[in-house]
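The structure appears below as structure tokens.
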Amino acid sequence: MAALPDIDPQETEEWLDALDGVLQIEGPQRAHYILEKLIEKARRSGAYLPYNATTAYINTIPPGQEEPSPGDHEMEHRLRSYIRWNAMAMVVRANKVSSELGGHIASFASAATLYDVGFNHFWHAPSEQHGGDLVFFQGHSSPGVYARAYLEGRISEDQLDNFRQEVGGKGLASYPHPWLMPNFWQFPTVSMGLGPIQAIYQARFMKYLKDRGLVDTDHRKVWAFMGDGEMDEPESLGAISLAVREKLDNLIFVVNCNLQRLDGPVRGNGKIIQELEADFRGAGWNVIKVIWGSYWDALIARDTAGLLLKRMEEAVDGEYQVFKSKDGAYVRKHFFGKYQELLAMVANMSDDDIWRLNRGGHDPHKIYAAYAAAVKHTGQPTVILAKTIKGYGMGEAGEGQMITHQQKKMGTTSIKAFRDRFDIPIPDDKLEEIPFYKPAEDSPEMKYLRERVAALGGSVPQRRTKAAPLEVPPLSVFEPLLAASGEREISTTMAFVRMLNTLVKDKNIGKQVVPIVPDESRTFGMEGMFRQLGIYSSVGQLYRPEDADQLMYYKEDKSGQILQEGINEAGAMCSWIAAATSYSTHGVSMIPFFIFYSMFGFQRIGDLAWAAGDSRARGFLLGGTAGRTTLNGEGLQHEDGHSHIIAGTVPNCVSYDPTFSYEVAVIVQDGLRRMVKEQEDVFYYVTLMNENYAHPAMPQGAEADILKGMYLFSEGKGDKKAPRVQLLGSGTILREVIAAAELLHEDFGVAANVWSCPSFNELGRDGMAVERWNMLHPESAPRKSHVEACLERHAGPAVAATDYVRGFAEQIRPYVKRSYKVLGTDGFGRSDFRSQLRKFFEVDRHYVAVAALKALAEEGKVPAGSVAQAIKKYGIDTERPSPWLV
Ligand SMILES: Cc1ncc(C[n+]2csc(CCOP(=O)(O)OP(=O)(O)O)c2C)c(N)n1
Ligand SMILES: [Mg+2]
């Protein structure tokens, strides 16, 4: 607007007068209608009027329309001041002892009022009357949340003094970690961007639970707090359009716009609030800007010529930061001083008065009005953009300063100024200790605090650790998968889909199953489920699908069970986390199965998988069409040879690479038992393949060893004198291993046992645990790892081959306790026939046989010549470069 000249002010005035008339007599709705009509008319007449998603740099809610807070403002101010003090004190005290542990003061200092208004008036704890609101706290504002819990009597002084000392379980977690404080924190947020995107999908999942008649989630809100710097993470903004499409009016984002991130300003040369307004408004959110505090109201009311607004819009965030790091005189000179008229406007204000001109995010009245409007808003999600000051109250120790984010120390002068500014009743001679402050139990403040907590049904945050256990079907219901497939050739993906089909029909848990797909159902042969279960859509199906006359048509339904997330692994993972933690957040266990291309799983959304571990998620992740050489035609970006390695790094992720349908059945059934019945806080990652082959029947009694990760699949043929070797394998490469055993027997008279190892990861963990125990109990009879227990009665060197990098099977080397050769698919994948790829990566039957012969030759069990003979016989090129180098 500022760029367009006013060529006829009188005409402008006439139009504005007319609008004023409409506003006064008929109200804003009518004015909006007329304006839209005018714009439409202009556009239809061919005028180019670009859409402008930003509004003036003032509060969205004008003073006259602010809903007043019913609270006792004096009382709340005092309590908030104590919380500010204690939050600061816990960090400064910890850093007096040693600066090793860190902590943050400035972020919560800027957000204290934003949290306080929520705690006092909006956030319901789970109770008989209310399901509980869900709050995603900004991770590094955790000291403020602890400080409030301390006043509420939930946390002791001793715990505050053990901030960030988590070892031993007595201290407080650095950030919100359900893993470390399972009764307190609900959502891990500190990896920037994961809070916002998880909050969106949580709000959506609550609508899903309601629409499916599983949980009444009405009247519950999801509140997500985030930093303005955090909004630069693609995850923060990447899913905001879903929130609009799904009309998530149960979702409220609060962006603390303190204009700074860690290194410096978020948008020194621009305005983060205006930029975010355009992003969110453009996506269709209800945007509420809380820029200026009440002390500005009178000035803004007098700004009829719009010069103050012009100055507000001219100043960039870099300048706003500087203003609040200085004083009133500086603001007078450099902000108002730019125009004589503005200087005149503040002429009768003292420098202190000017300094008191507050920002919206520090004004409880403005914040209350924004929150009240947000919770009442229907049909759209709301974002509140609140302008604050980073390091508010820290004074010369950091307020508005570049370094403030990492300031963990405050000198005595700053501490004293802080005490005076917030009126904390601590005498001068005690300041040195920076003691925590809590009013007497029978003080009016503490009574008020208890009343507020009681009115909202209890304390926030709090986390449930268990839900009612569900009855899990016995393994026998999957009988068809345990028997041999005979002539029929199927893939493990097909076996899994059959199992899922049985599960969704189960009368005890069928309804709890949540199949989640990122536009990949047809790839996995799951399209039959579209019609059978329906694809969840909050509006049902507003069109007749193209394939409506087909048996398995594309059915969208308001009570649909499948979550079809589109090409969006991160969003789908967030839906999965919401479902996988439903036992805790909603008190009802759900059983999510998220099936995705394994390459676009852990590698793509690994940080969310890590957060899922922290969240104590329970559910199944299925890496479909897995394996470097098994998903064969897709090439380098698709063919996964390392997702198991990443899965193995998440401590409570149990992962398997099964070969046969009975292994899939045993693993999934036991996973259900552990997660849904026993309520263990683990989740499962299972890789599934698309290679079709015949499946044998389950060997008698193999279940327990399948779950441990290794069992004897077949004994080697040959008499007592035959050289012996132990062959290990997993996934489809196990079939190459089985073939190698045949070759070894037929071509070289070697007796090869074949061990199926559905989980090298679990074998590795078991081995580590046993080795550790033995080290610490030197005088007890040593325990044996499962690998050792399996192999001890079977002589001969061992060879392992998988469709994953060597590191996968290498994990068990210390427990094999004999010569051990490992083959794997290190290197970039590529497209070709499976047989070509297995040869390329040197994991096919011929390489397994050669590796076995080499191991036997090294031990003198076969002549060295037989290795050379095999190389020649199997046509192996000994001079080709290593596959991981080409
Ligand atoms: C993914 C990720 N990257 C980097 C960090 C490190 N980090 C923690 S806080 C912070 C700055 C945060 O700035 P902002 O989001 O504006 O929050 P404020 O503290 O200003 O409220 C950074 C870079 C992180 N926690 N997560
Ligand atoms: Mg910030």
Side-chain angles (χ1 to χ4, degrees), residues 166-169 177 179-180 602 606 609-610 612-614 616-618 621 623 641-658 663 666-667 670-671 674-675 678 680-687 702-712 726-731 734 755-794 797-824 826:
E166 299 165 15
V167 173
H177 294 304
W179 188 259
L180 298 165
F602 279 84
W610 186 253
D614 190 349
R616 298 171 172 264
R618 303 172 186 162
L621 297 173
H642 50 275
S643 63
H644 273 290
I645 299 285
I646 315 176
T649 63
V650 183
N652 51 347
C653 173
V654 183
S655 46
Y656 288 97
D657 182 31
E663 294 178 356
V666 168
I667 289 161
D670 195 61
R674 287 179 68 181
M675 296 187 285
E678 312 297 338
E680 278 186 54
D681 291 337
V682 293
F683 67 93
Y684 275 58
Y685 176 58
V686 183
T687 39
E703 293 97 316
D705 283 354
I706 290 174
L707 296 172
K708 286 183 188 163
M710 177 173 181
Y711 65 97
L712 185 59
Q726 310 302 321
L727 303 183
L728 284 62
S730 73
L734 176 65
W755 299 85
S756 173
C757 299
S759 185
F760 281 101
N761 282 348
E762 287 300 296
L763 292 175
R765 285 176 177 173
D766 165 70
M768 261 187 340
V770 167
E771 196 164 69
R772 172 178 176 275
W773 193 92
N774 289 343
M775 181 180 83
L776 298 175
H777 301 84
E779 287 168 326
S780 307
R783 291 179 178 171
K784 285 188 183 116
S785 68
H786 184 61
V787 173
E788 189 180 355
C790 283
L791 291 177
E792 67 180 350
R793 280 173 292 110
H794 302 276
V799 176
T802 76
D803 218 1
Y804 293 85
V805 294
R806 284 170 176 73
F808 183 44
E810 275 293 344
Q811 297 178 84
I812 67 165
R813 177 175 293 281
Y815 326 118
V816 174
K817 308 206 162 169
R818 64 188 70 200
S819 156
Y820 182 48
K821 294 201 184 300
V822 172
L823 306 179
D826 299 69

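Residue numbers count from 1 along this sequence. Since the model is a prediction, treat every value here as computed from it, not as a measurement. Basis for what follows: all heavy atoms, side chains included, without hydrogens, waters or symmetry-related copies.
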R765 side chain to G648 backbone, donor-acceptor under 3.5 Å
yes
Taking the six-membered ring for Trp and the single ring otherwise, decide whether the centroids of Y815 and H786 are under 6.0 Å apart.
no
Checking side chain to side chain contact (heavy atoms under 4.5 Å, CB included) between K817 and each of E792, E788, K784, which is the one that passes?
E788
Gap between atom CD1 of I645 and atom OG of S655 - 0.5 Å precision:
9.5 Å
How many angstroms lie between CG in L728 and CG in L763, if you round to the nearest 0.5 Å?
8.5 Å
Verify side chain to side chain contact (heavy atoms under 4.5 Å, CB included) between E663 and Y711, making sure each step is shown before the conclusion.
CA-CA 11 Å; E663 294 178 356; Y711 65 97; 2.4 Å; yes
Aromatic ring pairing Y684/Y656, orientation class (parallel under 30°, perpendicular over 60°, tilted between)
parallel
Of all heavy-atom pairs between G729 and F760, which one has the smallest distance, and what is that distance?
C-CE1, 4.5 Å
Shortest non-hydrogen contact from A809 toward Y820
O-OH, 2.8 Å
I812 CD1 to M710 CE distance, which is reported to the nearest 0.5 Å:
6.0 Å
Would you name the heavy atoms of N652 and R616 that are closest together and state the gap between them?
ND2-CA, 4.4 Å
Could you check whether the rings of W773 and H777 sit parallel, tilted or perpendicular, using 30° and 60° as the cut-offs?
parallel
Find the distance between SG (C757) and CG (D705) and round it off to the nearest 0.5 Å.
10.5 Å
Do V650 and Y685 pass the side chain to side chain contact (heavy atoms under 4.5 Å, CB included) test, and can you show the C-alpha distance, the side-chain angles, and the key distance before you say yes or no?
CA-CA 10 Å; V650 183; Y685 176 58; over 6 Å; no
Kindly compute the distance separating CG (L727) from CG (L734), expressed to the nearest 0.5 Å.
10.0 Å
R813 versus V822: any side-chain heavy-atom pair under 4.5 Å?
yes
In short, W610 meets T649 closest at the heavy-atom pair CZ3-O, 3.2 Å
Donor-acceptor under 3.5 Å (D826 side chain, V805 main chain)
no
Do any N or O atoms from the side chain of D657 and from the backbone of T687 form a donor-acceptor pair under 3.5 angstrom?
no
Please report the closest heavy-atom contact between D681 and W179, naming both atoms and the distance.
O-CZ3, 4.0 Å
Heavy atoms of M675 and F683 approach each other most closely as SD-CA, 3.8 Å
Taking the side chain as every heavy atom from C-beta outward, state whether W755 and S730 have any pair of such atoms under 4.5 Å apart.
no
For D766 and S785: C-alpha separation, side-chain torsions, deciding distance, then whether side-chain hydrogen bond (donor to acceptor under 3.5 Å, both in side chains) applies.
CA-CA 6 Å; D766 165 70; S785 68; 4.7 Å; no
Note, H644 side chain near T802 side chain (heavy atom, < 4.5 Å):
no
What is the distance from atom CD of Q726 to atom CG of L791, rounded to the nearest 0.5 Å?
6.0 Å
Okay, side chain of N774, backbone of P782: is any donor-acceptor separation there less than 3.5 Å?
no
